[in-house]
Amino acid sequence: MEIIHLSEINSTNDYAKELAKEGKRNFVVLADKQNNGKGRWGRVWYSDEGGLYFSMVLDSKIYNPKVINLLVPICIIEVLKNYVDKELGIKFPNDIMVKVNNNYKKLGGILTELIDDYMVIGIGINVNNKIRDEIREIAISLKEITGKEIDKVEILSNFLKIFENYLEKLKNKEIDDYEILKKYKKYSITIGKQVKILLSNNEVVTGKVYDIDFDGVVLGTEEGIEKIPSGICIHVR
Ligand code: BTN
């Protein structure tokens with residue numbers, strides 16, 4: 001995939017969207033810092049120098065967004081495994097977490113936007129950036145974990161190698177969607193947990209996660225089994 005490397009931008013997702021509107025597909029926008037980095041559900045994504053911030057644009061007529069949404073965190077974990085000797089996992093739907101001192105902290109996040117016939121997949125990974133005080137309790141960087149600076153462009157190129165290899169195999173039907181789901185579930189740290197999920201209408205549902213599939217979590221609540229497509233997930237125990 002072609003990589004467009006900018007020194008700074010408001011948000012790589014927004015910039016990628018502008019190019020996608022003109023018909024461009026299969027490319028990556030990489031920025032050294034973002035001045036208005038966006039997280040899921042309208043939250044901010046602190047994007048200070050040193051972190052890895054990029055967005056990819058794919059044709060959603062060729063690739064199923066529901067499968068891509070599961071595949072992207074798998075590929076991030078497969079790359080980061082080579083840099084970190086701690087347990088890595090995916091918190092529903094797609095937070096990249098690392099276990100330090102018996103606590104999971106967030107290493108990276110993914111913001112997918114589905115527009116017309118394309119999807120913009122924005123990925124932020126805390127590599128060498130300093131974690132701001134406001135989020136120190138819940139977030140961590142690779143540098144903090146390993147004690148050394150890590151080449152973020154090398155992480156991106158390793159990620160693209162693995163991701164494009166999976167895309168090729170999906171296209172050629174060498175692997176099927178269910179193998180991707182199986183891998184996702186292997187890395188999931190949410191299955192089996194008691195959770196609270198904040199929905200887009202500000203409602204909160206509480207229950208135990210029995211399973212995850214292409215359409216979200218299967219939650220056992222007091223009212224019975226519910227299917228929750230997405231939301232902000234908090235692990236209770
Ligand atoms: C989240 O966990 O809330 C998702 C964070 C996604 C951040 C990335 S950084 C690159 C891309 N551009 C953005 O503005 N956001 C995504």
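Ligands are counted one by one from 1 in listed order, and the atoms in each one are counted from 1 as well.
- The pair K21-D116 does not meet the salt-bridge criterion, since no charged nitrogen lies less than 4.0 angstrom from a carboxylate oxygen.
- Residue contact check: D95 has heavy atoms under 4.0 Å from atoms 2 (O) of ligand 1.
- Applying the salt bridge (charged side-chain N to carboxylate O under 4.0 Å, His left out) test to D215 and every residue at least two apart in sequence or in another chain returns K66.
- Proximity of a side-chain donor or acceptor of E164 to a complementary backbone N or O of M1 within less than 3.5 Å is detected.
- Of the polar atoms of R40, at least one N or O is found under 3.5 Å from an N or O of ligand 1, judged by distance alone.
- Proximity to T12 (heavy-atom distance under 4.0 Å) selects the following atoms of ligand 1: 10 (C), 11 (C), 12 (N).
- For ligand 1 and G37, the ligand atoms under 4.0 Å from any heavy atom of the residue are 14 (O).
- Partner of K38 under the side chain to side chain donor-acceptor pair (under 3.5 Å) criterion, out of N13, T12, N10, D14: D14 alone.
- Counting heavy atoms under 4.0 Å from ligand 1, residue S47 does not touch it at all.
- With hydrogens left out, the protein atom closest to atom 5 (C) of ligand 1 is W45 CE3, 3.4 Å, a heavy atom.
- In W41, neither the side chain nor the backbone holds a heavy atom less than 4.0 Å from any atom of ligand 1.
- With side-chain heavy atoms closer than 4.5 Å counting as contact, directly or through intermediates, the hydrophobic cluster containing F27 also holds I4, L6, I9, Y15, L19, V29, V57, I115, Y118, V120.
- Looking at K38 next to ligand 1, an N or O pair under 3.5 Å apart turns up.
- At most 12 non-hydrogen atoms from other residues, nucleotides or ligands lie less than 6.0 angstrom from CG of N101.
- For ligand 1, the atoms lying closer than 4.0 Å to a non-hydrogen atom of N13 are 11 (C), 12 (N), 16 (C).
- Near K106, the atoms of ligand 1 lying under 4.0 angstrom from a non-hydrogen atom of the residue are 1 (C), 2 (O).
- Annotation: K106, atom NZ; neighbour count of heavy atoms from other residues, nucleotides and ligands within 6.0 Å is above 12.
- The protein heavy atom nearest to atom 12 (N) of ligand 1 is Q34 OE1, 2.9 Å.
- Heavy atoms of I123 found under 4.0 angstrom from ligand 1 belong exclusively to the backbone.
- In this structure, R40 contributes its side chain and G231 its backbone to a donor-acceptor pair below 3.5 Å.
- Contacts of D14 with ligand 1, taken as heavy-atom pairs under 4.0 Å, are absent altogether.
- Around atom NZ of K227, more than 12 heavy atoms belonging to other residues, nucleotides or ligands sit under 6.0 Å away.
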### Task
Give the intermediate values and the outcome of salt bridge (charged side-chain N to carboxylate O under 4.0 Å, His left out) for residues E78 and K161.
CA-CA 11 Å; E78 290 188 351; K161 245 183 257 162; over 6 Å; no

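- Those atoms of ligand 1 with a heavy atom of S55 less than 4.0 angstrom away are 11 (C).
- Backbone and side-chain nitrogen or oxygen atoms of N36 are examined, and none is located within less than 3.5 angstrom of a nitrogen or oxygen of ligand 1.
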